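A quick write-up on the structure given underneath.
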Amino acid sequence: MHFLFLFLVLKASSNPIPQDSSSIEIEHFLSGFRSLLTLPELQTHFEASPSLLNKASLSSGQTPLLAAILSGNDAAVKFLLAKPETDCLAVEKDGYSAFHAAAFQGREAILRRLIELGERCEGERSEGQGLRGVHKDGYEPAFRACWTKDKRHRETFRVFIENGVVFDAIGGKGETLAAACEGYGLDL
């Protein structure tokens, strides 16, 4: 039995999933967001490879915009959102949107920019997008902002409330947004 398992593991590793050069390039490029690429580096890269602007990572499903939001690379987010062709409705492999990412990471300024862009980032392409987009787990982005107690998340949460998210929104386990925030100790 162990031999069969070892054989299958070795067989799978000897036949990797074929990747085209743009798939390899996006994986390498997205790793740069985690090291906070500078604005000139971003501009140079996208001028050389404009097709990567909305290309998703094979492993995470993140586009450059989602990777920049999650890593806190504000310069990259600003640069990407200034490009009209950036798809701010894209979701990563688990279905999380730019709004979910901004909320989860407590990125108040990014959330405000997504809201300012209006319909471009609020589209109705699929479930889970936009300010009130419900993820498949049943939670709107605002819930993710109240799952931690720090100031950054409190400020992000306030942006949701200022923009029409209501305290009686219902989450994935039937709790209201107000109860979830209280339960996680977010002092509003």
Side-chain angles (χ1 to χ4, degrees), residues 22-43 45-46 49 51-117 120-123 125-160 163 165 171-172 180-181 184 186:
S22 68
S23 296
I24 294 167
E25 187 175 2
I26 194 65
E27 297 299 326
H28 175 72
F29 182 57
L30 290 180
S31 70
F33 282 109
R34 292 169 193 91
S35 62
L36 300 179
L37 286 171
T38 65
L39 193 52
E41 290 170 323
L42 283 171
Q43 291 168 328
H45 194 80
F46 280 121
S49 304
S51 64
L52 293 182
L53 188 63
N54 293 308
K55 180 105 172 140
S57 160
L58 291 175
S59 59
S60 67
Q62 293 174 7
T63 62
L65 177 62
L66 289 167
I69 292 170
L70 289 168
S71 67
N73 191 336
D74 293 333
V77 172
K78 187 175 181 178
F79 169 79
L80 292 166
L81 288 177
K83 297 184 123 341
E85 61 272 26
T86 297
D87 183 3
C88 57
L89 294 175
V91 296
E92 51 89 67
K93 71 177 176 72
D94 293 320
Y96 295 105
S97 69
F99 284 91
H100 288 275
F104 183 72
Q105 294 295 329
R107 310 275 187 228
E108 174 207 1
I110 292 170
L111 179 60
R112 286 188 189 284
R113 182 68 181 131
L114 290 169
I115 292 167
E116 287 170 8
L117 290 171
R120 178 176 154 208
C121 296
E122 278 284 341
R125 193 169 29 178
S126 70
E127 293 288 322
Q129 298 166 326
L131 187 67
R132 300 287 313 266
V134 178
H135 183 264
K136 62 187 173 187
D137 66 6
Y139 291 100
E140 293 181 18
F143 279 84
R144 298 179 203 297
C146 77
W147 288 345
T148 201
K149 298 178 185 181
D150 64 34
K151 180 181 179 192
R152 191 174 83 194
H153 285 83
R154 276 195 314 273
E155 295 303 317
T156 303
F157 182 78
R158 284 194 177 100
V159 174
F160 282 105
N163 286 279
V165 173
C181 288
Y184 283 99
L186 184 65

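Because the structure is a prediction, the values reported are computed rather than measured.
- To the nearest 0.5 Å, atom CZ of residue Arg112 and atom CD of residue Glu108 are 4.5 Å apart.
- Between Cys121 and Leu114, the closest heavy-atom pair is CB-O, 3.7 Å.
- Considering every non-hydrogen atom in both His135 and Asp94, the closest pair reads NE2-O, 2.7 Å.
- Residues passing the side-chain contact (heavy atoms from CB on, under 4.5 Å) test with Lys78, sequence neighbours excluded: none.
- A distance of 14.0 Å separates CZ in Arg144 from OG1 in Thr156, rounded to the nearest 0.5 Å.
- Under a 4.0 Å N-O distance rule, the pair Asp74/Arg113 does not qualify as a salt bridge.
- Under 4.0 Å is where a charged nitrogen must lie from a carboxylate oxygen, and between Lys151 and Glu155 no such pair does.
- Nearest heavy atom pair, residue Leu81 against residue Cys88, reads CD2-CB, 4.1 Å.
- Closest non-hydrogen pair, Thr86 versus Arg120, comes out as O-NH2, 3.2 Å.
- The two atoms that bring Gly61 and Ala56 nearest to each other are O-CB, 3.6 Å, heavy atoms only.
- Side-chain atoms of Ser57 come within 3.5 Å of backbone atoms of Ser60 as a donor-acceptor pair (strictly under, hydrogens ignored).
- No donor-acceptor pair closer than 3.5 Å links the side chain of Asn54 to the backbone N or O of Thr63.
- The two residues Ala90 and Leu66 come nearest to each other via the heavy atoms O-CD1, 3.8 Å.
- Formation of a donor-acceptor pair under 3.5 Å by the His100 side chain with backbone atoms of Gly133 is found in this model.
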- Message: Apply side chain to side chain contact (heavy atoms under 4.5 Å, CB included) to residues Phe79 and Lys83 and explain how you reach the verdict.
- Response: CA-CA 7 Å; Phe79 169 79; Lys83 297 184 123 341; 3.8 Å; yes
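- Looking at residues two or more places apart in sequence or on another chain, you find a side-chain contact (heavy atoms from CB on, under 4.5 Å) between Ile115 and Phe99, Leu111, Leu131, Val159, Asn163.
- Relative orientation of the Trp147 and Tyr139 rings is perpendicular, given thresholds of 30° and 60° on the angle between their planes.
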- I would like to know whether Asp137 and Tyr96 meet side chain to side chain contact (heavy atoms under 4.5 Å, CB included); could you show each step before the answer? CA-CA 10 Å; Asp137 66 6; Tyr96 295 105; 3.8 Å; yes
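- Note that CZ of Phe143 and CZ of Phe157 are 8.5 Å apart. Values are rounded to the nearest 0.5 Å.
- Evaluation of the side-chain contact (heavy atoms from CB on, under 4.5 Å) rule for Gln105 yields Leu70, Arg107, Arg152 as partners, not counting sequence neighbours.
- Note that CD of Glu92 and CD of Gln62 are 6.0 Å apart. Values are rounded to the nearest 0.5 Å.
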